[in-house]
Structure formats: C-alpha cells, structure tokens
A.B. asks: 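Let me begin by handing over the structure; questions about it come next.
Chain naming here is simple, since letters A, B, ... match the order of the sequence lines and numbering starts at 1 in each.
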Amino acid sequence: MLIRTLHETKCFAKMKSGFEECEMTIEQRLSAWMAAAFARAGVTEAAHGSIGVRRSQNEAFGDYQCEAALKVARALGQPPRVLAAAVQAQGTPPGCEPLAVAGPGFLNLRLSTAGLEEALEAQAADERLGTPPAGAGRTVVLDYSSPNVAKPMHIGHIRSTVIGNALDRLFRFLGYRVIADNHVGDWGTQFGLLILGYRQFLEPAALQADPIAELERLYRLSYERSRAEPEWLAAARAELVKLQAGDADNLALWRQFVAWSRAEFQRVYERLDVHFDLERGESYYNDKLPGVLERLAAAGVLEASEGAQIVRLEAEQLGVCIVRKSDGGYNYATTDLATVLNRIDEFNPTEIVYVTDERQQLHFNQIFAVARRLGVATTLRHVWFGLMRLPEGTFSTREGNVIKLERLLDEAESRALALVQAGSPELPAETQAAIARAVGLGAVKYADLSQNPQSLVTFTWEKALALEGNSAPYLQYAHARIRAVQDKYRERFPHEDPARFPLCVREPAERRLALRLLQFPDALLAAAAQTRPNLIADALYDLAQTYSSFYQTLPFLKAPAGIRESRLRLCDLTARVLKQGLNLLGIAAPDRI
RNA sequence: GCGCCCGUAGUUCAAUGGAUAGAGCGUCAGCCUCCGGAGCUGAAAAUAUGGGUUCGAAUCCCGUCGGGCGUACCA
C-alpha cells in the first residue's frame with residue numbers, strides 16, 4: 001500500500017518524538033485519541049477493527065464524527081448510545097470542545113476556538129502546510145503517459161499524462177522517492193508496416209512540414225493495404241524481422257522515427273510542464289527478453305501451446321499469458337515482465353504503479369500474476385482510468401477522428417487570452433500571453449483531474465475549456481484576488497506586518513475557512529491512498545468556494561486593527577494552500593490573471 | 001458465452017456503509033457608493049429497475065434493463 005494504514009502512521013509519528021504535532025493531520029490526531037478513548041472504555045482496535053473519526057458532512061454535527069460506537073455495539077451486546085456515553089466519559093481531546101453523543105450513537109467533535117487557532121498557527125508556520133511525510137523512506141516507480149512512436153499525441157493521451165503527473169507530484173510532496181518513467185511504445189509490429197509504407201508512399205515535402213503527421217499517414221496507408229493484400233502483410237513482417245535482427249537500413253530508419261516522435265512528445269511535455277526521470281522505451285528491454293523466458297522456465301511455469309510459449313493463469317481466472325509468439329517473436333507481456341524485473345533490480349522500489357486506460361486491466365493482472373510466480377514481492381498496482389471518447393464514439397486513428405493534443409492546448413490558450421485581454425487590458429502583451437498559457441493549460445488539466453479517473457469521459461470542447469464554475473481558472477482567480485488584497489494592504493499599511501499578529505477565528509465564515517484549510521493535508525493523503533487526484537481538486541474547490549464566501553461576508557482592509565491582520569493571514573494561508581494544491585495538479589497559480 | 005467497469009437534478013460531474021445525496025453549466029429571483037462580478041446569496045430539480053444484507057445502502061450481494069471495455073500470439 002502506498003499509504004500506511006492509520007495504525008502504522010500513528011507508530012511512525014510516535015517514533016519521531018518531538019515532531020508529533022507536525023507529523024500528523026488533525027484527523028489522524030483525533031482518530032488516535034478516539035482509538036485510545038475506546039480502548040480505555042474496553043474496545044480495542046485489535047479486537048474490533050479500526051476506530052477513527054472522519055470529517056462531518058454537516059456542520060450541525062460538529063467538525064468531525066466517529067461512528068465506531070454504532071459499529072461495535074452489536075458485538076458487545078450494548079446499546080450504541082451507552083457505549084458512546086462510556087467513551088464520552090473518557091475525557092475531551094486536546095483542542096476540542098467536550099464530546100457530544102448524538103442520534104443513534106454518533107460521537108461528534110468540535111474543535112475549540114483555541115484549538116482551531118493553534119492548529120492553524122502550526123499549519124501557517126509549516127512550509128508543507130501540515131502535510132505528514134507519509135512516503136519517507138519509500139520508493140515508487142511511476143509508469144505513465146507512454147505514447148506510441150509515429151503517432152501524434154491526441155486528447156486520448158492526456159489522461160495518462162495528466163493523472164500520472166499529478167500522482168508523480170503528489171508522491172514527491174509526500175516524501176516518496178519517485179522514479180517517473182515514460183515507457184514509450186517504440187518497438188513492435190507496427191514498425192514493419194511503417195518501414196514499408198515509408199519506402200513506398202513517402203512525400204518528402206509533407207515529411208518536412210510535419211514528420212509525425214506524415215508517419216501517421218504512411219502507417220495508415222500501409223495498414224489498409226495490409227488488410228487487402230496478404231503479400232503486403234508478409235513483406236511487412238519480413239521488414240520487422242530484419243529490424244529485429246539488426247538490419248542496418250531498417251535500424252537507421254527506426255531510429256529516425258523514434259527521434260522525430262520524441263521531439264514531438266518533448267514539445268508537448270514542455271507545454272504541459274511534465275518531466276520524467278527516465279524515458280525508456282520498450283526497445284530498452286529488447287535484449288533482456290530471452291532472460292525472462294529463462295527465468296520462467298527455471299520457475300517451471302513456462303509451457304508450450306499451439307506453437308507459442310505461455311504461462312497458464314486459469315487458476316486466477318486470467319486465462320493464459322503468451323510470452324513468446326509462435327513465430328518466435330516476443331510480445332508486450334514479455335517486455336512488461338522484463339521491465340518489472342529490471343526496475344526491481346535497479347531501483348528496489350516499494351512499489352511500481354502503472355497509469356493506463358481500463359483496456360489494459362487484463363494485461364496487467366496477467367503480468368502481476370506471472371511476476372508473483374517468479375517470486376516478485378514488490379507491490380504492483382495498475383491505476384486505470386476510463387476511456388476518453390467523443391460524443392459520436394471512440395477515437396480511431398484509422399477513422400481520423402482524433403483531436404490532437406496540441407490543438408486542444410492552442411484552443412485553450414486562445415480562449416483564455418481573449419478573456420485576459422478583456423479583463424486586464426493594461427498588462428503588457430507578453431504578460432497576458434503568459435497568463436493565458438497558465439489559465440488555458442490549467443483549464444484543460446483541471447477538467448480531467450477534477451473527476452474520478454475511473455469514469456468514462458466524453459470529450460466536449462465546452463467541458464475541456466470551462467473557465468468558470470468548478471474550473472482551474474476559478475481557483476486561479478481566487479488565488480490572484482488574494483494576492484491583490486495583499487498588495488493593497490501593503491500599500492495602505494506599509495509599516496505593518498500581519499505575521500506579528502495572532503490568527504483569530506471568531507466569525508462563522510472564518511471558522512469555516514479555517515477548517516477547510518486544516519483539512520487540506522487529509523485530502524492529500526486520501527488522494528495518494530486512492531490514487532485519485534480529483535480528491536485534491538475537490539478540496540481546493542471547496543476551499544475556494546468557502547474563501548469566496550468569506551471574502552464577500554467580511555471586510556479585510558476596513559476591519560479593526562488586529563482583526564484586519566488576522567484576516568490577511570487567513571488570506572495568505574488560503575493562497576498558499578491553493579497554490580500548493582494547484583501545483584500538485586500541475587497547474588500554475590499566477591499572482592494576476 | 002465469460003470477465004472488468006458504469007447507470008445520481010434538463011445536462012456534466014461529486015459523495016472513505018452513516019445523520020437532511022453535494023457542486024458546475026443551464027433555468028428563475030436577488031447582489032457592484034466597499035478589498036478584482038472569471039465572483040456572491042437564494043429557488044426549482046436526481047440515486048435506471050426489482051429483491052436482499054445491515055441499526056443505517058447511491059455505495060455491499062443477487063436478478064432485470066441500458067451503456068463502455070476486454071477476452072491466445074497488436075500494444
């Protein structure tokens with residue numbers, strides 16, 4: 001598991017004595033207290049399972065709630081409210097008001113004003129905004145994006161890239177050592193067709209203008225012909241065999257294809273602000289494939305069937321996994337196994353995480369099962385996401401209904417630019433363009449990251465480019481507005497420093513904001529544990545909404561001295577959380593938009 | 001056929017088995033003498049369907065209907 005269980009986290013926090021306050025989130029601290037209180041009342045986690053608190057959905061029920069009394073009452077033969085009352089009698093958690101027993105047996109917790117203020121001061125003083133180093137000492141290899149050579153990156157690629165990159169940033173922030181690897185599809189049967197197509201149909205002018213578009217066209221032509229002419233297909237296979245045997249001409253051509261593609265990918269990654277530690281394509285593992293077969297044979301799991309070499313996985317309901325084709329060639333299962341083994345040897349990771357679409361579930365389940373047969377103990381996880389499709393159906397290179405990723409980004413930027421020009425005509429054009437890039441790109445990324453990765457998404461321009469409501473620009477706007485307030489404060493009170501004043505949380509709007517701020521670290525832990533960046537997006541949107549309401553309700557600059565500074569500090573902390581959260585999603589938060 | 005996933009307001013999405021199912025867009029009604037209206041406040045509006053488990057189900061189990069994906073040599 002990426003994130004330890006709550007119990008383990010508690011132990012971890014205790015080991016680092018002296019830092020307890022910073023090593024645990026509010027929710028973890030209250031959960032630990034609650035588990036101890038239940039233990040004193042005779043109910044242990046060992047006997048009854050994990051006991052903790054969760055944030056309340058409804059503020060009428062306090063800030064946090066515990067429903068453990070309801071869950072274990074039956075096993076104890078006690079009415080839940082009696083048990084809850086017994087826990088209530090154990091005392092009051094630090095920083096809280098006395099426990100309340102409510103409804104059928106809920107225990108409701110409300111942070112005291114002093115407790116809230118103290119926790120907020122600690123968060124404000126912490127560069128990491130109160131986030132525990134949950135990944136310290138752990139290594140994760142993160143495999144994402146992985147486009148195919150000779151094909152343009154289209155909007156179907158954005159999910160793996162953007163979701164994977166958000167997880168990448170999140171894990172790093174949590175203290176993991178992350179090895180982000182772009183497992184580019186640069187080897188395989190498509191190259192036979194491509195080489196043949198290149199020799200037959202190439203238009204040099206088109207190649208010069210846009211190499212990838214031309215390669216894609218060549219591939220499509222060659223593919224179509226292969227379906228009609230068996231001889232063409234056979235010729236393509238022959239070119240592939242030559243390539244794999246190291247034929248100099250074919251190898252040179254292949255290298256050129258890869259180079260063109262990589263240049264194009266790189267251009268997109270730069271725009272997306274996505275960076276990898278490794279970009280090992282499938283070809284990297286080419287010479288390691290025979291070794292995989294040897295290991296499988298040595299483990300006694302290899303079997304011949306219909307001319308192919310397979311591993312039977314019927315026991316796991318996973319069918320059979322072909323590791324060597326009947327023509328002697330290796331396939332992607334072999335490559336992925338070699339990749340697993342290589343990553344373990346080289347990086348000794350705690351776990352390896354793959355971010356791909358849902359269609360590869362069976363494939364990875366097979367790979368993981370075979371790896372276990374080879375004695376691999378490393379945690380292997382497939383984080384899959386739903387396909388992206390168009391209203392009229394699935395993308396298909398052959399049908400030519402793909403939308404290039406770069407076109408989407410261009411469109412996003414130009415729409416954002418129009419807004420910036422209208423809203424901030426006084427800014428220099430260069431600044432406007434930079435803001436438009438941040439806003440447009442943010443909108444595109446956020447559209448993907450703000451929903452559950454596993455849901456199937458239907459692409460629409462309207463949704464992908466939303467600039468208001470639950471969108472990145474809304475968050476960026478909230479952030480920029482805070483920076484403007486701070487500027488104005490410095491202008492009017494040049495000799496004051498808000499940091500010298502305590503935070504006070506008195507008004508309901510302040511209290512709500514304070515709670516949202518303190519819940520940010522828990523959202524990060526949940527997002528990592530569930531590998532769902534949308535939990536970060538949800539928390540940020542909730543925070544920004546709460547902030548906007550706070551902003552409308554209470555005066556800052558016109559508030560009495562002291563209150564004024566406290567509110568400025570709340571603004572500052574909100575801006576920091578928004579900026580950090582957006583950064584984890586790969587979205588910039590400019591000071592002006 | 002078998003396997004995986006999904007059906008939530010008009011629409012696009014939320015909701016770690018918990019209390020009154022939340023948002024965006026759209027619709028309707030309000031809010032700029034004040035710190036940025038890309039904003040705020042309010043209203044109408046939803047768990048496909050039938051059973052079951054549970055103190056409690058959108059969530060877990062079974063059936064039905066509807067949709068997506070996969071299912072031996074593409075990756």
Side-chain angles (χ1 to χ4, degrees), chain A residues 52 54-58 60-61 65 67 70-71 73-74 79-80 102-106 108 146 148 183 185 187-190 282 305-310 317-327 329-333 335-336 356-363 365 384 386-387 389 393-394 416 419-420 422-424 439 447 450-452 454-458 460 462-463 466-471 473-478 480-489 492 526 529-530 534-535 537-538 541-542 544-545 548-549 551-559 564 567-568 571 592-593:
Chain A
R54 44 183 280 163
R55 65 175 188 281
S56 299
Q57 302 292 323
N58 185 332
F61 301 134
Q65 66 184 56
E67 55 260 1
L70 287 162
K71 291 192 165 112
R74 170 174 289 249
F106 291 103
N108 291 341
S146 310
N148 287 322
H183 194 70
W187 200 247
T189 42
Q190 76 267 29
E282 293 168 349
S305 171
E306 298 176 29
Q309 298 289 312
I310 64 163
Q317 309 246 318
L318 295 172
V320 302
C321 178
I322 294 177
V323 292
R324 187 166 198 182
K325 300 188 283 183
S326 52
D327 66 2
Y330 299 100
N331 62 3
Y332 68 136
T335 305
D336 275 340
T356 81
D357 72 52
E358 58 183 313
R359 290 175 300 188
Q360 302 208 33
Q361 286 180 89
L362 176 61
H363 167 64
N365 284 333
W384 58 265
L387 277 181
R389 39 178 287 143
T394 316
L419 264 181
V420 174
S424 309
V439 170
S450 61
Q451 66 179 280
N452 190 323
Q454 297 193 342
S455 49
L456 180 149
V457 318
T458 301
T460 63
E462 184 195 18
K463 203 177 10 163
L467 300 174
E468 50 188 26
N470 187 355
S471 66
Y474 176 88
L475 303 178
Q476 291 168 320
Y477 175 74
R481 200 164 50 172
I482 292 172
R483 293 307 183 209
V485 170
Q486 291 178 311
D487 285 349
K488 206 137 280 177
Y489 175 86
R492 292 193 201 166
Q530 298 176 50
N534 71 303
L535 297 179
D538 285 351
Y541 183 61
D542 198 1
Q545 274 187 314
S548 291
S549 183
Y551 172 89
Q552 297 281 341
T553 313
L554 299 171
F556 309 158
L557 300 181
K558 290 189 170 175
R564 181 176 64 209
R567 288 184 185 155
L568 260 293
C571 285
R592 307 214 173 291
I593 73 169

A.B. asks: Just checking A/Lys558: base, sugar-phosphate only, or nothing, at a heavy-atom cut-off of under 4.0 Å?
C.D. replies: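 Sugar-phosphate, backbone atoms only, no base.
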A.B. asks: How is A/Ala526 classified with respect to the nucleic acid when contacts are heavy atoms under 4.0 Å: base, sugar-phosphate, or nothing?
C.D. replies: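 Answer is nothing: A/Ala526 stays at 4.0 Å or more from every strand.
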A.B. asks: Any chance you could encode RNA chain B as dot-bracket? Rule is Watson-Crick or G-U wobble with both distances under 3.5 Å; [ ] for pairs crossing earlier ones, | for another strand.
C.D. replies: (((((((..((((....[...)))).(((((.......)))))....(((((..]....))))))))))))....
A.B. asks: Stacking check: are the rings of A/Tyr477 and B/G36 less than 5.5 Å apart at their centres and under 30 degrees in tilt?
C.D. replies: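 It does not: the ring fails the test against the base of B/G36.
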A.B. asks: Pair A/Tyr489, A/Phe556 - check ring pair (Phe, Tyr, Trp, His ring centres under 6.0 Å), show working.
C.D. replies: CA-CA 9 Å; A/Tyr489 175 86; A/Phe556 309 158; over 10 Å; no
A.B. asks: Taking only Lys NZ, Arg NE, NH1 and NH2, and the carboxylate oxygens of Asp or Glu, determine whether A/Asp487 and A/Arg592 approach each other closer than 4.0 Å.
C.D. replies: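 Result for this pair is yes, salt bridge flagged.
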A.B. asks: Which residues pass the side-chain contact (heavy atoms from CB on, under 4.5 Å) test with A/Ala559, not counting sequence neighbours?
C.D. replies: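 Applying side-chain contact (heavy atoms from CB on, under 4.5 Å) to A/Ala559 gives A/Ile563, A/Arg564, A/Arg567.
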A.B. asks: Reckon A/Tyr489 touches a base, only the sugar-phosphate, or nothing at all at heavy-atom distances under 4.0 Å?
C.D. replies: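 No contact.
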A.B. asks: Can you list everything that forms a side-chain contact (heavy atoms from CB on, under 4.5 Å) with A/Glu67? Sequence neighbours excluded, please.
C.D. replies: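 side-chain contact (heavy atoms from CB on, under 4.5 Å) check on A/Glu67 returns A/Arg54, A/Gln65, A/Leu70, A/Lys71, A/Phe106.
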A.B. asks: Does the B/C74 base have a donor-acceptor partner in the side chain of A/Thr189 within less than 3.5 Å?
C.D. replies: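 A donor-acceptor contact between them is absent.
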A.B. asks: So if I take every side-chain heavy atom of A/Ala102 and compare against B/G18, B/G24, B/A19, which nucleotide ends up nearest?
C.D. replies: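 Of all the options, the side chain of A/Ala102 is nearest to B/A19.
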A.B. asks: Under 4.0 Å, counting only non-hydrogen atoms across every strand here, what does A/Ser455 touch: a base, just sugar-phosphate, or nothing?
C.D. replies: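 A/Ser455: backbone/sugar contact only, no base atoms under 4.0 Å.
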A.B. asks: Pick base, sugar-phosphate or nothing for A/Asp487, based on heavy-atom distances below 4.0 Å to the nucleic acid.
C.D. replies: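 No contact.
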A.B. asks: Hey, can you tell me if A/His363 and A/Tyr332 have their rings parallel, tilted or perpendicular (30° and 60° cut-offs)?
C.D. replies: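 The rings of A/His363 and A/Tyr332 lie parallel, inter-plane angle below 30°.
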A.B. asks: Closest approach of A/Val485 and A/Tyr551, non-hydrogen atoms and distance?
C.D. replies: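 Distance-wise, the nearest heavy atoms are CG2-CE1, 4.3 Å.
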A.B. asks: To the nearest Å, how far apart are A/Glu468 CD and B/C25 P?
C.D. replies: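 Value for this atom pair: 6 Å.
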